[in-house]
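Accompanying notes for the structure given below.
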There are 2 protein chains.
Amino acid sequence: MKTAFRDVKEEIRRRIVQGVWGPDDLLPNEVDLAEEFDCARATVNRAMRELADEGMVERKRKAGTRVLPSPVRQARFHIPIVRKEIEGRGAQYRYALVNREIIDTPDWLRARLGLESGGKVLHLTCMHYGDSSPYQFEDRWINLTALPQAAEADFDTVGPNEWLIAEVPYSDAEISFSALTAEAEIAKHLGCADGDPLFLAERSTWFETRAITYVRLVFQRGYRMTTRY
Amino acid sequence: MKTAFRDVKEEIRRRIVQGVWGPDDLLPNEVDLAEEFDCARATVNRAMRELADEGMVERKRKAGTRVLPSPVRQARFHIPIVRKEIEGRGAQYRYALVNREIIDTPDWLRARLGLESGGKVLHLTCMHYGDSSPYQFEDRWINLTALPQAAEADFDTVGPNEWLIAEVPYSDAEISFSALTAEAEIAKHLGCADGDPLFLAERSTWFETRAITYVRLVFQRGYRMTTRY
DNA sequence: ATTCTTTTTAAGTACAGACTAAAGTGGACA
DNA sequence: TGTCCACTTTAGTCTGTACTTAAAAAGAAT
């Protein structure tokens with residue numbers, strides 16, 4: 001008997017999985033379960049709290065703990081750093097800056113990041129390769145009002161992602177996945193056909209309400225973002 | 001002072017965000033932090049454990065707790081039940097069965113689900129609508145060896161997803177997102193143009209190592225799967 | 001110097017007890 | 001009948017103590 005709370009958690013999970021406690025059923029309260037499992041209430045509490053975290057049960061004061069009807073409500077995706085992802089596959093990582101410009105912040109970007117009008121942004125486009133074959137196209141916009149030092153940074157050798165990680169301590173972010181069609185330029189960069197369907201990840205990040213960057217990551221053809229749960 | 005552990009957690013998070021403790025830095029140990037915050041070690045432990053869960057720090061016995069270099073490593077996505085998602089937008093949900101057939105399990109499906117050869121599967125295609133406009137195309141395969149009762153179920157009125165939730169208590173799953181091109185049939189169902197890029201979610205589920213179902217969910221044009229963290 | 005062993009340190013877990021805060025329940029009252 | 005408030009139940013949290021375990025560091029043996 002190594003970790004009691006894990007055992008309790010797995011036993012409760014087992015009973016839910018096997019239908020002993022069906023959807024919307026109310027579980028026994030913590031005191032009773034603690035007695036049944038012969039452990040402290042805190043132990044049962046931890047087990048059930050983690051099950052609630054995972055979306056398996058719902059807990060409310062006084063109302064008790066009940067089994068949620070839908071099997072799974074959430075999945076965790078690990079958002080990889082491109083270089084690590086490529087190296088993790090045993091391939092050689094290569095980065096290249098395609099284009100760099102400083103321009104007035106376009107309206108669509110101001111709207112997306114919630115910016116005041118009038119600032120400048122650094123617009124970078126770059127490519128990430130694995131063993132010389134195109135892996136990801138990066139279209140990056142950095143808010144120079146919040147990060148003026150980005151204008152001086154050397155993005156010829158260091159990718160903007162890694163530069164930002166080192167420069168900005170931490171941030172809130174919004175990420176979304178969707179699909180898009182490769183048009184001429186992206187098709188050329190990614191070495192796919194014009195019109196191919198591509199997987200797109202977009203991320204906006206803020207540092208304490210100040211918008212930092214917005215990025216569009218277009219993945220190679222056939223890319224799949226996968227997770228188990 | 002309502003919840004001490006939350007305060008501790010937010011203060012630690014603040015220090016990391018603001019760079020007081022930078023990437024790869026070692027945090028003070030639990031005993032010291034407990035003294036600083038004037039609380040029990042268990043309280044600090046809970047705060048740091050949750051930060052570790054969120055991917056902000058890494059904890060190792062003896063080695064202590066250190067700040068992880070990359071700002072965010074993971075994002076949680078809520079996988080919605082189609083009906084709830086549509087109703088949540090205030091739209092009227094409608095479901096329609098497009099096709100139903102029972103066939104020998106195709107090889108690609110056996111490979112994907114890790115099945116023995118020889119069984120039959122129920123293949124369903126259906127549509128989900130919100131306010132009469134197409135929302136999602138569902139291409140569902142149910143393993144009749146594991147779930148023979150599916151052959152008798154009435155999928156004219158109940159969607160396979162909701163039927164499965166009620167029938168199979170719980171399961172492991174693998175989910176992946178990618179992009180695909182609308183070909184004629186799907187374009188017709190989803191009311192988009194041939195060749196449009198569409199967002200695809202695929203999910204395989206198992207119940208205690210027995211494969212239950214594989215489903216391809218093709219979303220309406222322009223669908224975005226979004227989360228904040 | 002290298003490898004093995006022991007020690008030490010910091011996190012991981014457990015528990016009993018206590019108090020808090022929601023949220024149903026039911027009764028008093030208008 | 002309907003509204004509101006006191007009561008009760010149940011999860012949420014904190015504390016202090018104790019013991020366990022992993023792993024780094026230091027020491028010992030080769």
Side-chain angles (χ1 to χ4, degrees), chain A residues 1-16 20-70 73-74 76, chain B residues 1-16 20-70 73-74 76:
Chain A
M1 185 174 294
K2 309 189 93 175
T3 56
F5 89 85
R6 253 179 257 279
D7 293 343
V8 171
K9 183 175 163 185
E10 287 319 308
E11 173 60 16
I12 294 173
R13 189 204 298 281
R14 195 189 62 76
R15 291 185 193 176
I16 293 172
V20 179
W21 293 321
D24 286 323
D25 280 1
L26 198 61
L27 271 57
N29 71 38
E30 295 187 346
V31 176
D32 292 349
L33 283 174
E35 189 174 351
E36 181 194 333
F37 291 119
D38 191 31
C39 66
R41 183 168 81 93
T43 304
V44 173
N45 181 282
R46 169 128 185 227
M48 300 232 276
R49 187 152 39 76
E50 292 199 357
L51 288 172
D53 271 353
E54 294 167 19
M56 173 145 335
V57 299
E58 181 186 46
R59 319 194 72 199
K60 280 210 291 227
R61 283 170 161 148
K62 161 70 182 178
T65 302
R66 58 178 68 246
V67 180
L68 281 170
S70 27
R73 333 265 313 289
Q74 54 190 13
R76 273 186 182 192
Chain B
M1 182 180 295
K2 306 191 91 172
T3 55
F5 90 86
R6 253 178 257 280
D7 293 343
V8 172
K9 182 175 164 185
E10 287 318 309
E11 174 59 19
I12 295 174
R13 188 202 300 279
R14 195 189 62 77
R15 291 186 193 176
I16 293 172
V20 180
W21 293 321
D24 285 324
D25 280 1
L26 199 60
L27 271 57
N29 71 38
E30 295 189 346
V31 176
D32 293 348
L33 284 174
E35 189 174 351
E36 181 194 333
F37 292 119
D38 190 31
C39 67
R41 184 169 78 94
T43 304
V44 173
N45 180 281
R46 168 120 187 234
M48 300 232 277
R49 188 151 39 76
E50 292 199 358
L51 288 172
D53 271 354
E54 293 168 18
M56 171 142 343
V57 299
E58 181 184 47
R59 318 193 72 200
K60 281 209 293 224
R61 283 172 162 146
K62 159 72 184 178
T65 302
R66 59 179 67 246
V67 180
L68 282 171
S70 28
R73 333 266 315 288
Q74 55 189 11
R76 272 188 184 191

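Letters go in sequence order (proteins before strands), and every chain restarts at 1.
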TODO: Begin from the C-alpha positions of B:W21 and B:I12 and carry the test side chain to side chain contact (heavy atoms under 4.5 Å, CB included) through to its verdict.
DONE: CA-CA 9 Å; B:W21 293 321; B:I12 295 174; 3.9 Å; yes
- [ ] Just compare D:dC14, D:dT13, D:dT15 and give me whichever is closest to any side-chain atom of B:A4.
- [x] D:dC14
TODO: With the side chain of A:N29 defined as its heavy atoms from C-beta on, choose the nearest nucleotide among D:dT13, D:dA11, C:dG12.
DONE: D:dA11
Separation of atom [atom1] in [X] from atom [atom2] in [N], rounded to whole Å:
X: B:L33; N: C:dA11; atom1: CG; atom2: P; value: 8 Å
X: B:R46; N: D:dC14; atom1: CZ; atom2: C1'; value: 11 Å
X: B:R59; N: C:dG12; atom1: CZ; atom2: P; value: 4 Å
X: A:L26; N: C:dA23; atom1: CG; atom2: C1'; value: 13 Å
X: A:E50; N: D:dG12; atom1: CD; atom2: P; value: 13 Å
X: A:F5; N: C:dT13; atom1: CZ; atom2: C1'; value: 8 Å
X: B:F37; N: D:dT13; atom1: CZ; atom2: P; value: 18 Å
X: B:K62; N: D:dA25; atom1: NZ; atom2: C1'; value: 6 Å

Open item on the list: If you assign A:G64 and A:N45 each to the DNA chain D nucleotide with the nearest heavy atom, which residue ends up on the more 5' nucleotide?
Closed with: A:G64
- [ ] From the options A:R76, A:K9, A:R49, select the one residue that forms a side-chain hydrogen bond (donor to acceptor under 3.5 Å, both in side chains) with A:E54.
- [x] A:K9
Open item on the list: Under 3.5 Å, is there any donor-acceptor pair linking the side chain of A:R41 to the base of D:dT10?
Closed with: no
Open item on the list: Under a 4.0 Å threshold between the charged nitrogen and the carboxylate oxygen, would A:R6 count as salt-bridged to A:E10?
Closed with: no
Task: Stepwise side chain to side chain contact (heavy atoms under 4.5 Å, CB included) check, A:M48 with A:L33 - done: CA-CA 10 Å; A:M48 300 232 276; A:L33 283 174; 3.9 Å; yes
- [ ] Assign each of B:A63 and A:D38 to its nearest nucleotide of DNA chain C by heavy atoms, then name whichever residue's nucleotide is nearer the 5' end.
- [x] B:A63
TODO: Identify the heavy atoms of A:C39 and A:V8 that sit nearest to each other, and give their distance.
DONE: SG-CG2, 4.3 Å
According to a strict under-4.0 Å criterion, is [X] in side-chain N/O contact with OP1 or OP2 of [N]?
X: A:T43; N: C:dT13; value: no
X: B:T65; N: C:dA10; value: no
X: A:T3; N: C:dG12; value: no

